[in-house]
Amino acid sequence: MEKDQININCKALIIGGSAGSIDVILMLLPHLKAGFKFPIIMVLHRKNSTDSKLSELFSNKTKILVKDIEDKDPVKDGTIYIAPADYHLLIESTGVFSLDASEKVNFSRPSIDVTFESAADVYQDKLVCILLSGANADGVLGLKKVKSKKGMSVVQEPTNAKVPFMPEMAIKNKQVDIILNDNEIAAFINRL
Amino acid sequence: MINDHDIELLLNDIVELYGYDFTFYSKASLKRRLNRLFEIDKFPSFAEFHYRIKSDKDYLQRFIEEITVNVTEMFRDPGFYKILRTEILPAMGTNPYIKIWHAGCSTGEEVFSMAILLKELNLLHKSLIYATDINPTVLEKFTKGIFPLSNMKQYSENYIASGGVKDFSSYYTANYHTALFDPALIQKTVHSTHNLVSDGSFNEFNLILCRNVLIYFDSQLQDRVFNLFDESLAKLGYLCLGSKESLKFSVINLKYKQHAKEKIWRKIK
Ligand SMILES: C[S@@+](CC[C@H](N)C(=O)[O-])C[C@H]1O[C@@H](n2cnc3c(N)ncnc32)[C@H](O)[C@@H]1O
């Protein structure tokens, strides 16, 4: 699939990232155009102490509303959401978020796999998922499910990632439609 | 993989046969739990899973234990306990007694944390604590008061972060891999199974804690449970929820005032 042909009616965009991904997001936020017709949901691994600071950090880079998610919050278009530390994030078919504090998956909570899989159930072929830099294989199985429902799977170019392992694993497992450098991601989102 | 249709079938049978109603649990997370159990117990097909649940009462007990999430810790969210310690509990010091309900207490780490706070505030002798959960197995663990020794480092850090100044290890006796907590802490605690979905109000409380239980319920069931808590709270009593739970969408919200930005609401009407 070519980078400039995007044939998807995107209803939700989910960005998963681990080590080295926060900088990528800080870089793309200023270039995002407001008014997108889907939610942008971020699932990022980090230490739970940095929880609320992440949304503050991101809010400084964009005028778009950045929200920390609470249980059963409605999922709204045009908004950037951040999964809270120490909970898995799920999406209900009724259009609300659910949180779940069960066992870690891939040593992670939130787990990117859990959110990708749950979103794939709800949004099917109208889902776009982006997997960024990271030292963990979290997200790879999730992308498989996304692909099985005909959603779109994007990863950061491994040579361009601070920690290439995560996108590399996704590519190795043939779960990827598009590979982008960090400075191409904002433009990609703006065209969705 | 178990699909949505199978899940509906299964849940309806469970209500009919056993009276446990999971149909208003959050669908997405329930689906994960069901598929997880289906996998770890290695059922070859949904039909066999379904049959086992219908025909084997003991397996139903395992089902409930595995479908619900029991993860908990002592002084979970230390900032919350700090507010209890410095603001909420001291204000109850003038009450003749303090009645507390831990709804969905799991293995009781939360109850021991509360008992330690009360003891340090010299309120334990006039407190009456009720600890309930849907799952009898976790309650049994609670009454033993034995927890993995490997958790104590983190619990001790949580305790200190919550404003505790004692030596945390003075509350338990270490033995190889376990920590046995002082039974006097829960001597007057009443424990019982109680299903928030189907059981009613059974007493009137000054303080109700229901933390990290409602996230597993859908909005409709959450509202029912909020009404149950409202019926069970004395005027000016407090309701405490988990760090990502809220009363904001609930019908009872108007009768309650949030304590600063904490997950603590006071019944004002
Ligand atoms: C994650 S634990 C919460 C423990 C503790 N409150 C905390 O925050 O650490 C959730 C508990 O809710 C219980 N639970 C689930 N459904 C319930 C129901 N319908 N009625 C009562 N308890 C329920 C589970 O058995 C489990 O022990």
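Per chain, numbering begins at 1; letters A, B, ... match sequence-line order. Since we're looking at a predicted model, the values are computed, not measured.
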If you count every heavy atom of other residues, nucleotides or ligands that lies below 6.0 Å from [X] atom [atom1], does the total exceed 12?
X	atom1	answer
K141(B)	NZ	no
Q61(B)	CD	yes
K144(A)	NZ	no

How about residues 114-132 of chain A versus chain B: which residues have heavy atoms under 4.5 Å apart? V114(A), S118(A), D121(A)
Taking 4.5 Å as the heavy-atom cut-off, does anything in residues 88-105 of chain A contact chain B, and if so which residues? H88(A), L90(A), I91(A), E92(A), S98(A), L99(A), D100(A), A101(A), S102(A), E103(A), V105(A)
Given a strict heavy-atom distance threshold of 4.5 Å, which part of T72(B) is in contact with chain A: side chain, backbone, both, or neither? neither
Return the option, out of V69(B), D218(B), I215(B), with the maximum number of heavy-atom pairs under 4.5 Å with chain A. I215(B)
Note: vs chain A, highest number of non-hydrogen pairs under 4.5 angstrom among K31(B), E245(B), R33(B), R36(B) is R33(B)
Look at the side chain of K244(B) and the backbone N and O of P84(A), then say whether any donor-acceptor pair between them is shorter than 3.5 Å. no
Correct closest heavy-atom pair for K248(B) and D73(A) would be NZ-OD1, 3.0 Å
Can you tell me how far apart CZ (F249(B)) and CD (E70(A)) are? Round to the nearest 0.5 Å. 7.5 Å
